[in-house]
Structures are given as structure tokens and as C-alpha cells.
Q: 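Have a look at this one.
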Amino acid sequence: MCRQKNQNRNPARQKRSGAVTGGWHCEKRDYLKNESFTKDNGNVPETGCLSIIVLGASGDLAKKKTFPALFNLYRQGFLQLNEVHIFGYARTKISDDELKNRIRGYLSSGNEGAVDVSKFLQLIKYVSGSYDAAEGFLALDKAITEHETSRNSSEGLSRRLFYLALPPSVYPQVCKMIKNYCTNKSDLGGWTRIVVEKPFGKDLASAEELSSQIGELFDEPQIYRIDHYLGKELVQNLLVLRFANRFFLPLWNRDNIDNVQIVFREDFGTEGRGGYFDEYGIIRDIIQNHLLQVLCLVAMEKPVSLKPEYIRDEKVKVLQSVVPIKDEEVVLGQYEGYRDDPTVPDNSNTPTFATMVLRIHNERWEGVPFILKAGKALNSRKAEIRVQFKDVPGDIFKCQKQGRNEFVIRLQPSEAIYMKLTVKQPGLDMSTAQSELDLSYRQRYQGVVIPEAYERLILDTIRGDQQHFVRRDELKAAWEIFTPLLHRIDNGEFKPIAYKPGSRGPVEADELLEKAGYVQTHGYIWIPPTL
Ligand SMILES: NC(=O)C1=CN([C@@H]2O[C@H](COP(=O)(O)OP(=O)(O)OC[C@H]3O[C@@H](n4cnc5c(N)ncnc54)[C@H](OP(=O)(O)O)[C@@H]3O)[C@@H](O)[C@H]2O)C=CC1
Ligand SMILES: O=C1O[C@H](COP(=O)(O)O)[C@@H](O)[C@H](O)[C@H]1O
């Protein structure tokens, strides 16, 4: 468990303290069932009173993601009825029942679901109050304490998890209120943790300021900066694929890989979130966080072990090796109709699409373009990593027309890992064809339910595992990469190109891709198999 500033110094807790690596205090938790993951972690799982407080409970994220994730954890037995209580907090004056009615429709029930849903809803209590005055937070603390007191008959820790499903502008004041009025006071031990959502800042300076403000109130190990892409199944698979397979070890470098694409596409626009989106744009909304986190996992060196701090150390090194982005390696777009949203200014310069090339200046990746591409209102919805290999030297089959080898990790939809490769076309002729080795999850893992990203990450916050959360120095390094470009866009020095909704985005983006070295395989497309 991580050391916490001004937290109780219960010896039982201290005994559970994890290793200290490079100045970071890392928590060790016994939670991964796989033997090979668990042998470093000698801890006993925590029991006792758990209060989960969703601040901004009246909002969009809370109803669509946070409460449903909590419900799924409850349904699978990760949240125990006799231990957990959930508090919603926001300014909106509604009753417990009104909050429950707002979220009920988002809780997808299984076969015997109705009972589960109503039992889960009984765990929720709503407290209304402002984000900057003591009164509301005192009321919140009172409600949490009542719950804790009612559970203190059983031995155990008292844990308070604050999930800030709020606009980042209110994080500092809310953290101050939590610190002053709501931190865990139990003499049975326990902790207080804060989960913060992205976008964490708007550029390097504002992110650092926000980090300092929150850092004055809570220790780094208490702060969980969530990036839900780190909770996606195939993103979590990246370390396993890369470091547990002999196949990839000798190939994963500049000698063999020509280019890497990390792509996010949505087939809908900003829909109802135009006001928020216009302040941030696609680079801050998707690329600086989600796609960059994926890039780190694709490009990083092997960590010393799976301890969160070792992994995050390696991610920081990659980020610090990214060289400044060149203007000629960026294409920005804005879909036609984006400005029709009444919450978007008529002269908005905000990109809803961007393709850019990142270059990593290190021994492994020098010369390999990492092409990051994200766009809204495009012709399809998908997120994938596409690693394209170099041409085979001395091609006796004259088969370059068939296309290059590609290793593709489809994050969503239809999770899959496939390798595009050249094979002999079956038949009497010695001709070649493009085919694939295909690990489509729906086929291979029939009946296995892939957990939602938020579900997994919230469970990590309860267990105190920081591996899939963004550390402060990581965040700083991420903002360092994009801040100069973002400032040029904000100052109107870089304008987006208009594109049609439902298209591939500006043609200039495909031209940039080609210039960066990507070779498209014509006449071949991978179609996810159906059952
Ligand atoms: N929605 C989504 O899909 C995603 C959201 N996020 C992030 O999650 C966080 C919450 O997002 P979301 O739920 O969409 O946001 P909302 O705009 O829905 O805000 C959440 C709640 O915060 C309160 N609030 C809104 N604006 C302000 C303000 N200016 N000052 C004080 N309180 C305010 C409101 O509650 P009340 O008025 O009742 O106090 C509102 O219900 C944000 O950081 C967002 O970037 C991240 C990924 C996806
Ligand atoms: O963080 C965000 O992510 C969603 C896309 O998430 P996904 O899990 O459905 O891929 C995006 O729509 C939103 O703009 C952004 O804020």
C-alpha cells in the first residue's frame, strides 16, 4: 500500500507497504489470479468498509460509465453488500430516488437482472451540495461516517474512494474540500483515494499547475489519473504480447518495422458535447491521452518487472524520447456541420480530426514513423494498432504487389489480433496471395465476457494498483510533446481542413500516411469472422 500524507500510521497498514522505487512508493496488491503475476505480491486482500463517492453524480459520465461499472463490479461480487456504500454528490437538488431513476436505464441487467439492479440501487445515497463550500462536504462526510459507524462492528479497514466525474476546472476546489472535510478518519486504518478524469489540463503549464494544486493536498499514490483506454482488454494485452512471445522480441524494432499506425475513428460527431469538445479538440480529447498511452505500450522497453512503477518508468522514457512534431507532418480537419452546434462558436478553429507523425529518437525506433490518427464523424468506428513491416529483401516471388506483412491489434469493435501475411494461393499454380492468421476474440473466447474498461480500472483503484493509471511525470512528458502544436492551433496559426461527415477525413491525411511510408494493400481487406 502506498504511504499517504497525514494518514493514519496503523502498523498493520505499514506492514503492507510496498517497495519504494525511484522515489515512488508503490502499492502491492494480491489481486491477479494468474500465478506468474501474483508471486511478487504478498498482500492479503483488504476487507472492511468501502465508501465510493461519485462527485458529479448528476452528469453524463457518471450515468453512462461510472455507475454502470460499479453495478457490474457489484454483480460479479467485487463489491460486497456488507462492506460497500455508494454516494452520489452534485449541486443538482434531487432525491435519492431521482438519482436512481436517472441511472437505472444504464444498468444492463443479466438474466436474473431486476433483483440485482434493485439491490444495487439500495446501496446508493445522494447528497446535494456545492463544490466550493464546507456545508455540502460536511453533510457528505456525515453520511459516509454514518455508514462507516454502522459497519464498524466488523473488523477491517475503512476506505474512501472519491471519483471526480466533474469538469477539471473544479478539481482543485473539490480536492481541497475533500481534504479538509472528508478524508478517512477511522482508527481501524484505511485510506482516501482520488480518481480524476481527463482532460487533465489544457497544456503543459495548466496541467502542471493542476498537478501542483492537487499534489499539495494528496500524495501521488493517492491520485489515480484515469485514462480508460488503459482499461481496454487489448490494450492490457500489449505487454503480454510483446514480452511473453519469442516471435516478437527480435522483430520489434527499426530493422524490421517500417511504420506504426495508431488509429481512433468514430462515425458520429460531437453530439451534445460540442461545448466541451470545442474547448479541447481532438488532440486533447483523444491523441494526447488515449493514443499516446497506446504508443507508450507499443514502443517502451521491457520493464524490470510488472510493478507499476517499473512500467511507468519505461513509459516516461519513451515519451521523453519523442522529438518535436513537425508542422509538415500534421494534417488537421474539421467536419462540415460541426459549427452548426449552437454551443460551438461560428468561427471555431477546433480540429475534429488530426493525423500526425511522432518520431522516437532512440536505438529501437529511430526512423520509424508512429502515425497517430483520430477523427470524429468519419465513415466507421474503430480503434486499432497497425504495425507494418518492411518489404522482404530479395523478393523471389515478385509478390510485393500482395502487400507487406502487418500485425494488427483491433481494440474495438470486434476485438482481434491478426497478422497479414503472404501465402501460396491454394491450387496448382505457384502464385501468392495475401491472407491472415486471425485471433478474433468473439470466436476464440466464446462465452467470455470482456469487462468494460471503467469496470477494470475502478477495481484497480479499490485494490490500489496504479499500473494502468497515468503518473504525474508521464502526464508532464505527454503535454510537452503536444503543447507547441496546440498553442499554434489555439492562436489560429494552424487551420483545419474541412471534410465531409461520413468520409475518411481530409485526403491530405492519406497523402501524409503515404509520405510517411505506409503502403496500402490494395484489393485485400480483413473481415472479422462471424460465428
Ligand atoms: N462523458 C463522457 O463520455 C466522458 C467524460 N470524461 C470526463 O469526465 C468528466 C465528467 O464528464 P461529464 O460527466 O461528461 O461532464 P458533465 O458536463 O456532465 O458534468 C458532470 C457534472 O458536473 C457538474 N458541472 C458541470 N459543469 C460544471 C461547472 N462548470 N462547474 C461546476 N460543476 C459543473 C454538473 O453537476 P451539478 O450541476 O449537478 O453539480 C454535471 O452534472 C470530465 O472531466 C470529462 O472530460 C471522460 C471521458 C468520457
Ligand atoms: O474519452 C473519450 O473517449 C470517447 C471514446 O471512447 P471509446 O471507449 O468509446 O472508444 C470519445 O467519444 C470521447 O470524445 C472522449 O472524450
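Atoms within each ligand, like the ligands themselves, are counted from 1 in listed order. It should be emphasised that the depicted structure is a prediction, and the values quoted were computed from it without experimental measurement.
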Q: Could you find the nearest protein heavy atom to atom 6 (O) of ligand 2 and give me its residue, atom name and distance?
A: His228 NE2, 3.1 Å
Q: Quick one: look up the protein heavy atom nearest atom 46 (C) of ligand 1 and list residue, atom name and how far away it is.
A: Glu197 OE1, 3.2 Å
Q: Under the 4.0 Å line, does any protein heavy atom show up next to atom 17 (O) of ligand 1?
A: no
Q: Under 3.5 Å, is there a donor on one side chain and an acceptor on the other for Gln76 and Glu455?
A: yes
Q: Among all the protein's non-hydrogen atoms, which is closest to atom 13 (C) of ligand 2, and how far away is it?
A: Arg273 NH1, 3.3 Å
Q: Mind checking the CZ-CD1 spacing from Arg471 to Ile223? Nearest 0.5 Å is all I need.
A: 13.0 Å
Q: Numbering the atoms of ligand 1 from 1, which are under 4.0 Å from a heavy atom of Tyr171?
A: 43 (O)
Q: Judged by modelled atom types alone, do Arg339 and Ser348 share a side-chain donor-acceptor pair under 3.5 Å?
A: no
Q: Got an N/O contact under 3.5 Å between Leu61 and ligand 1?
A: yes
Q: For Phe277, which part has a heavy atom under 4.0 Å from ligand 1: side chain, backbone, both, or neither?
A: neither
Q: Establish whether atom 1 (N) of ligand 1 and some protein heavy atom are separated by less than 4.0 angstrom.
A: yes
Q: Starting from atom 4 (C) of ligand 2, which protein heavy atom do you reach first, and at what distance in Å?
A: Glu266 OE2, 4.0 Å
Q: Of all the heavy-atom pairs spanning Phe469 and Glu474, show the shortest one and how long it is.
A: O-OE1, 4.0 Å
Q: Would you mind listing which atoms of ligand 1 come within a distance below 4.0 Å of any non-hydrogen atom of Val170?
A: 30 (N), 31 (C)
Q: For residues Arg160 and Thr183, is any side-chain donor paired with an opposing acceptor at under 3.5 Å?
A: no
Q: Ignoring hydrogens and geometry beyond distance, is a side-chain donor-acceptor pair present between Ser95 and Asp97 at under 3.5 Å?
A: no
Q: Hey, which atoms in ligand 2 end up nearer than 4.0 Å to a heavy atom of Lys198?
A: 1 (O), 2 (C), 15 (C), 16 (O)
Q: Test of understanding: given a 4.0 Å heavy-atom threshold, classify the contact between Lys65 and ligand 2 as side chain, backbone, both, or neither.
A: neither
Q: Measure centre to centre between the rings of Tyr126 and Phe87, then say whether the value is under 6.0 Å.
A: no
Q: Using every non-hydrogen atom in the two residues, find where Lys495 and Asn349 come nearest and quote the distance to one decimal.
A: CD-OD1, 3.6 Å
Q: Is it the case that ligand 1 has an N or O less than 3.5 angstrom from some N or O of Leu166?
A: yes
Q: Centre-to-centre under 6.0 Å for Tyr280 and Tyr276, is that the case here?
A: yes
Q: Closest non-hydrogen protein atom to atom 24 (N) of ligand 1, residue and atom name please, with distance?
A: Arg91 NH2, 3.6 Å
Q: Between Thr92 and ligand 1, which residue portion shows a heavy-atom distance shorter than 4.0 Å: side chain, backbone, both, or neither?
A: both
Q: Could you check whether the rings of Phe200 and Tyr171 sit parallel, tilted or perpendicular, using 30° and 60° as the cut-offs?
A: tilted
Q: Hey, looking at atom 20 (C) of ligand 1, which of Ala90, Ala165, Gly88 has the closest heavy atom?
A: Ala165
Q: Carefully, step by step, assess Leu239 and Gln467 under the rule side chain to side chain contact (heavy atoms under 4.5 Å, CB included).
A: CA-CA 12 Å; Leu239 288 194; Gln467 175 176 333; 4.2 Å; yes
Q: Which option wins on minimum heavy-atom distance to atom 23 (C) of ligand 1: Tyr131, Tyr89, Tyr276?
A: Tyr131
Q: For atom 16 (O) of ligand 2, which protein heavy atom lies nearest, and how many Å away is it?
A: Asp285 OD1, 2.7 Å
Q: Does Ser58 reach ligand 1 with a nitrogen or oxygen that is under 3.5 Å from one of the ligand's nitrogen or oxygen atoms?
A: yes
Q: Atom CG in Leu241, atom CG in Leu439: separation rounded to 0.5 Å?
A: 8.5 Å
Q: Here's one to test your reading of the geometry: is the NZ or CZ of Lys500 within 45 degrees of the ring axis of Tyr335 and under 6.0 Å from its centre?
A: no
Q: At under 4.0 Å between heavy atoms, which part of Tyr454 makes contact with ligand 1: side chain, backbone, both or neither?
A: side chain
Q: Just by distance, no angles: are the side chains of Asn379 and Arg265 close enough, under 3.5 Å, to form a donor-acceptor pair?
A: yes
Q: If only side-chain N and O atoms count, and only distance matters, is there a donor-acceptor pair under 3.5 Å linking Tyr163 with Glu197?
A: yes
Q: With heavy atoms of Arg381 as the reference, note each atom of ligand 2 found under 4.0 Å away.
A: 9 (O)
Q: Can Lys232 be said to sit on top of Tyr229's aromatic six-ring, NZ or CZ under 6.0 Å from centre and within 45° of the ring axis?
A: yes
Q: Any N or O of Ser169 that comes nearer than 3.5 Å to an N or O of ligand 1?
A: no
Q: So if I count the atoms of ligand 2 from 1 in the order they appear, which ones are less than 4.0 Å from some heavy atom of Lys232?
A: 7 (P), 8 (O), 10 (O)
Q: Need the ligand 2 atom indices (1-based, order shown) with element for anything under 4.0 Å from a heavy-atom of Lys376.
A: 11 (C), 12 (O), 13 (C), 14 (O)
Q: Examine the proximity of ligand 2 to Phe277 and report which part, side chain or backbone, both or neither, has a heavy atom under 4.0 Å away.
A: neither
Q: Return the residue, atom name and 0.1 Å-rounded distance of the protein heavy atom closest to atom 10 (O) of ligand 2.
A: Tyr229 OH, 2.4 Å
Q: Report the nearest protein non-hydrogen atom to atom 3 (O) of ligand 1: residue, atom name, distance rounded to 0.1 Å.
A: Asp60 OD2, 3.8 Å
Q: Would Phe243 and Phe248 count as a close aromatic pair, with their ring centres under 6.0 Å?
A: no
Q: Considering only protein heavy atoms, which is closest to atom 7 (C) of ligand 1, and at what distance to one decimal place?
A: Lys198 O, 3.3 Å
Q: Is ligand 1 less than 4.0 angstrom away from at least one heavy atom of Lys64?
A: no
Q: Between Arg273 and ligand 1, find which residue part has any heavy-atom pair under 4.0 Å and reply side chain, backbone, both or neither.
A: side chain
Q: For Thr355 and Phe353: C-alpha separation, side-chain torsions, deciding distance, then whether side chain to side chain contact (heavy atoms under 4.5 Å, CB included) applies.
A: CA-CA 7 Å; Thr355 294; Phe353 174 99; 3.4 Å; yes
Q: Could you tell me the residue and atom name of the protein heavy atom closest to atom 26 (N) of ligand 1, and the distance to it rounded to 0.1 Å?
A: Pro167 CG, 3.5 Å
Q: Within a distance under 4.0 Å of any heavy atom of His290, pick out the atoms of ligand 2 and give their elements.
A: 1 (O), 2 (C), 3 (O)
